[in-house]
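To keep things clear, I will list the structure first and then write my remarks on it.
Here is how names work: the chains are called A, B, and so on, in the same order as the sequence lines, proteins then strands, and each is numbered from 1. The structure presented is a predicted model; accordingly, all values stated were derived computationally and were not measured.
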There are 2 protein chains.
Amino acid sequence: MTERVVPEPERKRRRPTKQGVVLSAELIVDTALRLVGLHGAEALTVRRLGAALGADPSAVYRYFHSTDDLLIAIADELIGRAQHGWRPTGDWRADLRAIGLRIHAAYQAHPQAALLAAHRTTGRANEITAVENILGILRNAGFPDPEAVRIYHAFVDQSLGFAVLDAAALALPAAALSADYQVWQASYARLDATTHPHIAATAHLLTADMNRSAYPHALDLLLAAAEARLGRPDD
Amino acid sequence: MTERVVPEPERKRRRPTKQGVVLSAELIVDTALRLVGLHGAEALTVRRLGAALGADPSAVYRYFHSTDDLLIAIADELIGRAQHGWRPTGDWRADLRAIGLRIHAAYQAHPQAALLAAHRTTGRANEITAVENILGILRNAGFPDPEAVRIYHAFVDQSLGFAVLDAAALALPAAALSADYQVWQASYARLDATTHPHIAATAHLLTADMNRSAYPHALDLLLAAAEARLGRPDD
DNA sequence: CTCCCTACGTCAATGCCGTTGACATACCCT
DNA sequence: AGGGTATGTCAACGGCATTGACGTAGGGAG
């Protein structure tokens with residue numbers, strides 16, 4: 001007992017740190033996002049977070065049980081930002097497309113955080129709201145419940161999966177990024193047409209396409225296939 | 001000069017460690033995969049790897065520039081394993097489905113490694129072979145080059161994205177996993193039907209679906225949509 | 001067969017990291 | 001006004017990746 005972490009809603013005392021900062025779970029999450037955006041994913045350490053907050057590093061443990069716990073909170077915050085201000089239009093396909101792009105964009109805005117947190121199920125408030133919204137769109141569109149659940153699952157995991165992958169590219173330090181490009185030039189762009197005819201034939205298209213996220217296209221394919229099923233409720 | 005790492009193909013001297021083990025890049029990658037499979041992703045440290053190999057930890061740096069470099073090698077090894085023994089059947093849709101499932105399965109077999117490495121572009125031999133195969137299937141199926149490249153990109157990134165996400169679930173320690181399930185029970189399964197009608201109506205379906213990967217379904221949707229486009233080369 | 005060069009395994013040190021137990025203070029409630 | 005305790009702080013622990021220096025033994029040259 002005398003648990004180290006007191007849940008945020010029932011916090012009463014707020015005692016400023018030596019440097020005069022009044023801490024809160026929200027401030028810590030925001031500071032963590034800022035830190036990670038400025039200095040990369042590897043900057044997210046308890047010690048540096050403490051320094052950025054103006055507090056002793058161990059103060060963080062009064063708000064989160066562990067760094068993992070903090071990560072979950074960050075993930076939920078991003079999900080919340082993705083939904084901020086969203087309103088359904090009534091067109092299920094457009095609505096799902098918008099939600100998917102919003103989730104993706106929210107994570108792309110904090111690639112390092114996405115890399116750390118997008119693959120976690122948070123079970124927190126913002127995540128639950130998102131689930132409710134997506135399921136509602138599908139059921140109102142006329143998908144029978146089992147189909148709605150299956151499409152929901154594919155849709156959500158697709159957006160999160162792409163978020164992680166695309167974040168990984170953005171999160172790489174500039175040095176590694178240019179190194180990656182040189183690897184590409186060295187290995188792919190000059191492959192022998194006799195051993196790798198298909199890469200050789202499409203090399204120019206590949207280099208152009210590589211620089212964009214494939215998510216919008218993949219999302220459109222998923223939605224098109226889902227719509228095609230609305231008519232045929234078989235199989 | 002006197003570079004710390006000598007590339008594997010031109011290695012001549014093989015000097016056993018104190019414990020009598022003869023090292024090689026391959027042995028290190030295999031040992032890393034075994035380590036990570038046995039004791040989780042957090043067990044992949046240079047020190048523990050050294051111990052598992054029967055060598056001083058710093059010997060690893062004679063074969064890889066950094067842990068990141070090692071990770072890339074592990075990723076490429078998994079891609080290679082996914083393709084091992086694969087042969088095209090001539091049915092493009094079945095072939096792509098098989099490759100997708102193989103990639104996914106290869107990473108699921110080593111979830112901790114997948115989590116660390118699936119979002120990296122390796123540029124190494126096995127990755128290049130996979131790219132060539134997939135592009136070949138699409139171009140032979142009759143997709144025009146720009147379309148083939150776009151579908152290739154969506155297909156590959158979707159497979160890797162799902163691999164990361166599904167690996168994350170498998171990689172969680174047993175304790176965290178059951179904790180997750182309890183969170184689910186506590187928050188989702190008993191949500192008020194008036195505030196969250198859609199979750200409440202489908203809760204039983206959600207819990208059943210949650211335990212499977214959505215990848216096969218998402219893959220089928222992608223392939224169905226791609227096939228639908230083969231006829232209409234417009235837009 | 002011998003000698004030399006240097007590749008590569010080893011050692012030790014550096015500066016990080018997360019986490020925790022003990023402590024003290026100042027906040028809030030009564 | 002006073003007490004209980006929440007919360008910020010301090011110090012310490014063990015583990016981490018990485019690197020420079022060292023020496024020994026493998027292999028090529030003659």
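Nucleotide C:dT20 holds its P atom 11 Å from the CZ atom of A:Arg62, rounded to whole Å. Between the P atom of D:dC16 and the OH atom of B:Tyr61 lies a distance of 11 Å, rounded to the nearest Å. Between A:Phe64 atom CZ and D:dT7 atom C1' there is a gap of 15 Å when expressed in whole angstrom units. Atom OH of B:Tyr63 and atom P of C:dA7 are 13 Å apart (whole Å). The CZ-C1' distance, from B:Arg14 to D:dT24, rounds to 18 Å in whole Å. Protein atom CG of A:Asp56 is 13 Å distant from nucleotide atom C1' of C:dG21, rounded to whole Å. Whole-Å rounding puts the A:Leu53 CG to D:dT7 P distance at 16 Å. Nucleotide D:dT7 holds its P atom 13 Å from the NE2 atom of A:His65, rounded to whole Å.
Listed nucleotides D:dA17, C:dT19, C:dT10 differ in distance to B:Thr17; the shortest reach to its side chain belongs to C:dT10. When each of C:dG9, D:dC10, D:dA6 is scored by its nearest atom to the side-chain atoms of A:Arg15, the top-ranked nucleotide is D:dA6. Between D:dT18, C:dT10, D:dT7, one nucleotide has an atom nearer to the side chain of A:Arg11 than all others, and that is D:dT7. The side chain of A:Leu23 has D:dG8 as its nearest neighbour among C:dT19, D:dG8, C:dT10.
Contact check for B:Thr45 versus B:Arg48: side-chain heavy atoms found under the 4.5 Å cut-off. In this structure, B:Tyr107 and B:Leu160 have side chains that are in contact, with non-hydrogen atoms separated by less than 4.5 Å. Within the 4.5 Å cutoff, the side chain of B:Leu44 has heavy atoms near those of the B:Leu71 side chain.
In this structure, CD on B:Gln158 lies 5.5 Å from CZ on A:Phe162, to the nearest 0.5 angstrom.
Classification of A:Arg11 and A:Glu8 as a salt-bridged pair holds, one side-chain N sitting under 4.0 Å from a carboxylate O. A salt bridge is absent between A:Asp69 and A:Arg4; no separation between the charged side-chain nitrogens and carboxylate oxygens falls under 4.0 Å.
Taking 3.5 Å as the limit, the base of C:dG21 and the side chain of A:Arg4 contain a donor-acceptor pair of atoms between them.
Pairing each heavy atom of B:Asp76 with each of B:Ala125, the nearest pair is OD2-N, 3.8 Å.
Side-chain nitrogen and oxygen atoms of B:Lys18 include at least one within less than 4.0 Å of the OP1 or OP2 phosphate oxygen of C:dC11.
Closest-nucleotide positions on DNA chain D for A:Ala55 and B:Ser58 were compared, and the one nearer the 5' end corresponds to A:Ala55.
Shown for residues 43-52 of chain B: no residue has heavy atoms falling under 4.0 angstrom of DNA chain C.
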